[in-house]
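Here's the structure, in C-alpha cells; my notes come after.
Within every chain, numbering begins at 1; the chains are lettered A, B, ... in the order of the sequence lines, protein sequences first and strands thereafter. Computed from a predicted structure; not experimentally measured.
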Number of protein chains: 2
Amino acid sequence: MTRKGAVSPKRPTIYDLAQIAGASPSAVSSILNGSWKRRRISAATAERVIRIAQEQGYAINLQASMLRRERSHIVGMIVPKYDNRYFGAIAEQFETMARARGLFPVITCTQRDPELEFDAARELVSYQAETIVVTGATEPDRISEFCAAAGVRTINLDLPGQKAPSVLSDNFGGARDLTRLLIQRVTEDFGNAPPLWFVGGRPHDHNTTERLRGFRAALAEAQLDFAAERVLMPGYSPSKALAAMEQADFPAKIGIFVNSTIALEGVVRWLNDHKHRTDARFGCFDWDPFAALLAQNVGMTEQDVPGMLNRLFDIVTSPGDQFPARIEVPCILKPLLHG
Amino acid sequence: MTRKGAVSPKRPTIYDLAQIAGASPSAVSSILNGSWKRRRISAATAERVIRIAQEQGYAINLQASMLRRERSHIVGMIVPKYDNRYFGAIAEQFETMARARGLFPVITCTQRDPELEFDAARELVSYQAETIVVTGATEPDRISEFCAAAGVRTINLDLPGQKAPSVLSDNFGGARDLTRLLIQRVTEDFGNAPPLWFVGGRPHDHNTTERLRGFRAALAEAQLDFAAERVLMPGYSPSKALAAMEQADFPAKIGIFVNSTIALEGVVRWLNDHKHRTDARFGCFDWDPFAALLAQNVGMTEQDVPGMLNRLFDIVTSPGDQFPARIEVPCILKPLLHG
DNA sequence: CTTCAATGCTCAATCGGTTGAGCAACATTG
DNA sequence: CAATGTTGCTCAACCGATTGAGCATTGAAG
C-alpha cells in the first residue's frame, strides 16, 4: 500500500490523484462524486481512479466541494440540553433520520441561554446550513427572522413560533390526560382527591402554559378546584424545583403534576428528603425509564419523538412553503402500576 | 433597516459589502476577521464596514474561510449514544469546553455500529476536523490509523487504544470500590454476603473486563468466591440484560454489580417484574439521578466527566505529541442510603 | 528639495472541487 | 468522401475569503 503520509504531510487532493492516474482533475472529480457516467468517462478510467483514491487514503474536502456547489445539504439543530432522555432521543433520532435522507446533521447545544442560541444560529448559517431546526429556544422568532434574512429556512420543534412552521406535542391534550390519570389514582389510593399541584417550567414558556391549561381542564372536568398558589414554575432546573418545593406548604396527602423530568429530579429529591410522605403521588410530563419505576409515580407522558421528527422531515425534504404553520403530534400516556 | 432578502435571494459576501462601503474585498475581509489593525486599515473604514455588515445581515462563509486558511479549528467527537446520562454529559460538556477554547465542536452519534463509526470518522476528516475524539468505539485503532494517514490527530476517550493517546476512567479502581460497598451493604442488610453477580457489558470490551477485574479483586479481598456463571455480559442493551436475567437461576438473596445504566434498565425491569425479590441489592457503575432513588440501589459510580475532559483538552490544545499514552481518571463513588 | 518612513489602502493568487463548453479521435451514415 | 454522431476526455472559470506584495499619498527629517 502506497501511503502518502510519510512522503508529504498534506492530504492528497484530486490534483494529486489526477497526476498519479494520468487523468485530469475534472475527470477525477466527476468519478469520485458519481457524475462520471453523465460526463462520459470510461468505466476503465473510473475504476483506476477509484483504486488510486483508495490507495492514497483520499477524502474529499467538503469545504471546497460545498463552496463550489453552493449546496451544503447541512441541516442544523439547536437543542437546549443533551443530558436528559427527551432531548437525547431527539438529537439521536434526528441524526439518524437526517443521514438516512442524505443530509448532514450538525447539532449544537445551547444550555437554554438566549445569546448562545442566537450565536449557534449564526454559526450554522456560516456553515451554510440549508435548514435549521430550533428546539427549546427562548426566542425562536428572533432566530427565524435572522435566518430568513440569510435565506435559511427554520423549523421550530417542540415550540411554536410565528415566523416558521412548528412541529410540537399536543401539550394540552397530553397534560389533560395525565391529570385525569393522576386524579383517578389519587382518588383510588386516598379515597378522595386531595389538592393537586403543578410543578416545573416557566410561566412564559408556551409548553408550560399549554400543559397548565390541560391540567386545569382536567380539574374542571372532575369539578376540582384550581388555585394559583398550587402552581410552582421556578424554571427548568432540578435545584430550582427542589427549592420551590421546600418553600411550599403542602398538606398530608398530595398529588403533583410534574412538568418535565428536569423538574422531576427536584421533586423526587424533595420526596426523598421527606420520606414520611408516602401519601404523595405524582405524574410526569416526559418519560424516563428509571423515573418510571419510582413507587409514587402514577404515570408518565412520553412525547412521540419519532412521530414529531417524521413530520419535521416531511417539511425539511419538501421544496415548497405550503406547510401548515403548526402541527401538533399527540403524546403517549404511560400509566404505571406499582406494588 | 436595509434588508437584502427581498432584493436578492443570495446572501451578501465580502464583495457585496466592499461595493456598498466603497472599499476593497481584502479590506472588508481583514476588518471582519480582526486582522485590520495589522493591515493598517483606519478605524473609520473599519467602523463603516462593520456597520454595513450588520445592516446587510452578513455572515461569513466558513466553507470559503476554512478552505483558504487551511485551518478549520474543528474538533470532532464520535459518541455511541446520546440517550443516557453519561454520554449526554460528555457531549454537552465537550461542546461547551471546545467553544470556550475557540474551537468548533462537531459531534456525531454512531449507535455503536462499527461501520457507522468509521463512516463518521471519514466524514469528520472531510470536514477538515483537526482532531477527532473517539468515544465508545468498537475499533478505535482502525479509526486512528485512517485518521493518522490523513494527518488528523485522534484521541480516545473512555476507551484505550494502541494508536492514540487515551483518557479513561479508572475502571478497575471504580469497580473495586463499588464492589466493596456492595459487599458491605449486603452483609449489613442480609447478615452475611450472598453470591454476587456481575451484569452488563461485552466480554471483549476493555471497560467491561477492567470492571470485572475490579469486581474480582474486591471479592478476593473479602474472601468471597467468584464464579464465571454469575457473570452475565449480553452486550449494551436493556432488553438483552433483561433477557439474560430471565435466563439466570438466582438464589433468594442476591447482590448485583450492574455494569452501566444501560444494563441497569434491564435489571430494574427484571426487579420490577419480580416484586417479591426485596432481598436484592445492586450497585451500578455509572450515575443517573432517578436510578439513584431506587430503594435497592446501594451506590453508583459516577465517572468524572469534567476531569476526563480537562485532561482531554490539555492534549487537544497542546501542539506536541509528548503525551503519555494513557491517562486514567479516578471515579467518584456515590453511596446511597434508603429508608 | 530630496530621502525615508508611516499610513491606508488595493491587487491578484490561492485554497480544492465543480461544471459548462469544447476538442480530438473514431465510427457511422448518406 | 463529406457530414454527422458518439466516445472520452480536458480547459478554464468559478465559489468566497485570505494574505503577501506592492502602490499612492502624506509628513517629517536631513
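Within the nucleic acid shown, Arg40(B) comes within 4.0 Å of at least one base atom, counting heavy atoms only. Residue contacts shown for Ser26(A) include a base, since a base heavy atom lies under 4.0 Å away. Leu62(A) comes within contact range of no nucleotide atom at all, as no heavy-atom separation falls under 4.0 Å.
Stacking of Arg11(B) on the aromatic ring of Tyr58(B) is not recorded, the 6.0 Å distance cut-off and the 45° axial limit not both being met. Cation-pi geometry between Arg99(B) and Phe104(B) is not met: the NZ or CZ atom fails to fall both under 6.0 Å from the ring centre and inside 45° of the normal.
Closest to the side chain of Arg39(A), out of dA17(D), dG17(C), dA21(C), is dA21(C). The side chain of Asn61(B) approaches dG16(D) more closely than any other nucleotide in the set dT10(C), dC9(D), dG16(D). For Ala27(B), the side-chain atoms get nearest to dT10(C) when compared with the rest of dA17(D), dG16(C), dT10(C). Checking dC9(C), dA17(D), dG16(C) against the side-chain heavy atoms of Ser29(B) singles out dA17(D) as nearest.
At least one side-chain nitrogen or oxygen of Ser42(A) sits closer than 4.0 Å to the OP1 or OP2 atom of dC9(D). An OP1 or OP2 oxygen of dT18(C) is reached within less than 4.0 angstrom by a side-chain nitrogen or oxygen of Ser65(A). Taking side-chain N and O atoms only, Tyr15(B) has no distance below 4.0 Å to OP1 or OP2 of dT10(C). Contact between the side-chain N/O atoms of Arg68(B) and the OP1/OP2 oxygens of dT14(C) is not found at any separation under 4.0 Å. For Thr13(A), no side-chain nitrogen or oxygen approaches OP1 or OP2 of dG16(C) to under 4.0 Å. Using a 4.0 Å cut-off, some side-chain N or O of Thr45(B) falls inside it from OP1 or OP2 of dC9(C).
In this structure, the CD1 atom of Ile14(A) is 5 Å from the C1' atom of dG17(C), given to the nearest Å.
Remark: Glu328(B) engages Arg326(B) in a salt bridge, criterion side-chain N to carboxylate O under 4.0 Å.
Side-chain atoms of Thr154(A) and Ser144(A) include a donor-acceptor pair closer than 3.5 Å. A donor and an acceptor atom, one from each side chain of Ser42(B) and Thr45(B), are located under 3.5 Å apart.
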